[in-house]
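What follows is a set of notes on a single structure, which appears directly below.
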2 protein chains.
Amino acid sequence: MARTKEFNEDKALDKAIEIFWHKGYNGTSAQDLVTHLGLSRSSLYDTFGDKQKLFSKALKKYQNQGQDNVKKLLEESNDVKVTLTEIFKQAVLESLEDRITKGCFMVNSAVELAMHDAEIAYIVRDNQKVMEEVFYKAIKKGQESGQISDKQEARSLARFIFNNYSGIRVLARGGEKDKKVYDDILKAMFSLF
Amino acid sequence: MARTKEFNEDKALDKAIEIFWHKGYNGTSAQDLVTHLGLSRSSLYDTFGDKQKLFSKALKKYQNQGQDNVKKLLEESNDVKVTLTEIFKQAVLESLEDRITKGCFMVNSAVELAMHDAEIAYIVRDNQKVMEEVFYKAIKKGQESGQISDKQEARSLARFIFNNYSGIRVLARGGEKDKKVYDDILKAMFSLF
DNA sequence: ATAATTCAGGAACGATTGTTCCGTATTTTC
DNA sequence: GAAAATACGGAACAATCGTTCCTGAATTAT
C-alpha cells in the first residue's frame, strides 16, 4: 500500500542518543537532529512525535542497554568482586578514551532535566532503583559465597557503589583525563570490599 | 557626575546564582533574568556584559562561597573525621529540605557546560583541584594526629571524598528524598576512615 | 495501470531567543 | 543652575527555536 521507510528507525534512535548525550536536551536543536539523524524534518516529526518524545525514547533505550550490560556481567560472574572492578575499570577507560567527553547520558539527563520534566524524572528514578537492585543482588551473592565482606550491609554497599559511579561520570563530563585520579577513587572505594 | 545604581550588584549576582542554579544555563532565558534579578534589560547588559559573562561570574562567586565554607570548617576543626561527617550531613540535609531540588550549582554546570564552554570548564577543574587540596590537607592532618587511619593514602581519600560529594549532589538533583539512601552511602563511605 | 499510502525536502509558521539601541529621567559635579 | 554622565524602561533587532504544512516523488498492493 505504501512505500517503506528509507531509514532504520532503530539506527536513527541510536543517532539521537549520540547527539542528545553529547549536547544535552536544550543544547540540541531541531536542526541538529535533522542533520545528525540524516532524515527530513517531516519524517522526524512523523516518526517520533516531537523533541521531548524523541529524547525520552532515546534515554529509555540507553537505559535498557546499560542495565542489560551490567546485569548480564554480574549474573554470569563467578567472582562478583572481580566483575565489579572490571565494570568500573571499563567506565574509567571510556572516560579517558572519549575524545569528546560525554559522561553518562543518564547522569547528564538527571542533572539537566529531572527537576523540570516529570517523565525524565521517572526514568532517572527508575534507573536508580533498577541499578541499585542489580548491585544489591550481586553483593548479596558475593557475601554469601564469602567473596565480599559482610561487615557492611549489602543495601548500603549497593547504594554506595551507585553513588561512586555517578561521581566518576561527573568527573568524566568535567573533562578529567588523568587516569591516576580515577584509580585513586577506585582504590579507596574497593578497599571497602 | 552621574547618578548611582538603584540596585545592589552583589545582590543581583546572588539572584543570578539562584536562577542559574535552578534552571541551568540553557534553561534560563534573558527574560527570566530580567524578571528574577528585578532590573531592566539594559541595566543587566550594561552591568554584566552578556549572559555568558553573568553566568561565569555567578558560578565563580558560588565557588568561592562553597570553598571558603568547607575550608574554614576543616581548618578550624579539632577532629577532622567528625567535621567531615558534619559537612556531608549538612549536604544531605540540604538535599532533603530543598523543595525545589537544585543539587550543586558546580556539579550542574560541569555536566551541562564544561564540554562546550572553555571558561566554565576551567572553573570546574579549578574547583576540583582546590577542593581536593582542602580535603587532602584535612585528611593529612587527621592521619598525623591519629584520628584517621593511614591505611589509605591521603590523596586517594581526598579524591574519593570529592567523588562521593558529586554523587550525592547528582542524587539530590534527581529528586531523591529518602534520607535512608543518603545515610547508607555515608555509612559505607565513612567506614573507610 | 491504478489507487493508496507515505516518503523526503523545504518553505513557512509564530514564538522566543540573546542582544542592541533609543529616549527619558535622574543624579552628581562643577 | 548648567552640563555631564549614567541608570532606566521598553521598543526593536535579527536569528534561531520547535513545529506544521504543502508539494511531488516513490513505492506498494490490488
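Reminder, nothing fancy here: chain letters follow the sequence lines and each chain counts from 1. Not measured: the values here are computed from a predicted model.
- The aromatic rings of B:Trp21 and B:Phe105 sit parallel, their planes meeting at an angle under 30°, below the 60° perpendicular limit.
- Here A:Glu18 does not pair with A:Lys102 in a salt bridge; the nearest charged N to carboxylate O distance is not below 4.0 Å.
- Regarding contacts with the backbone of D:dC8, a side-chain N or O of B:Ser43 is found under 4.0 angstrom from either OP1 or OP2.
- A donor-acceptor contact under 3.5 angstrom links the side-chain atoms of A:Arg41 to the base of D:dT19.
- For D:dC17, one of the phosphate oxygens OP1 or OP2 lies less than 4.0 angstrom from a side-chain nitrogen or oxygen of A:Ser29.
- When the shell of 6.0 Å around NZ of A:Lys141 is examined, it contains more than 12 heavy atoms from other residues, nucleotides or ligands.
- A donor-acceptor contact closer than 3.5 angstrom is absent between the side chains of A:Thr28 and A:Lys51.
- If you take CG of B:Asp46 and P of C:dT20, they are 10 Å apart, rounded to a whole angstrom.
- Nearer to the 5' terminus of DNA chain D, by closest-nucleotide assignment, is the contact made by B:Thr47 (compared with the other of B:Thr47 and A:Lys51).
- Look at CD on B:Gln31: it is 11 Å from P on D:dG10, rounded to the nearest Å.
- Counting any heavy atom pair closer than 4.0 Å across all strands shown, A:Ser42 reaches a base atom.
- Heavy atoms of B:Ser40 sit under 4.0 angstrom from at least one base atom.
- A:Tyr25 places its OH atom 13 Å from the P atom of D:dC17, with the value rounded to the nearest Å.
- For the pair A:Leu44 CG and D:dT20 C1', the computed distance is 13 Å after rounding to whole Å.
- The CG-P distance, from B:Asp50 to C:dT20, rounds to 8 Å in whole Å.
- Taking CG of A:Leu192 as the reference point, atom OG of B:Ser191 lies at 4.0 Å (rounded to 0.5 Å).
- Distance, B:Phe55 CZ to C:dG18 P: 13 Å, rounded to whole Å.
- One can place CZ of B:Phe48 at 16 Å from C1' of D:dT6, the figure rounded to the nearest angstrom.
- Rounded to an integer number of Å, the gap from A:Tyr45 OH to D:dC17 P is 11 Å.
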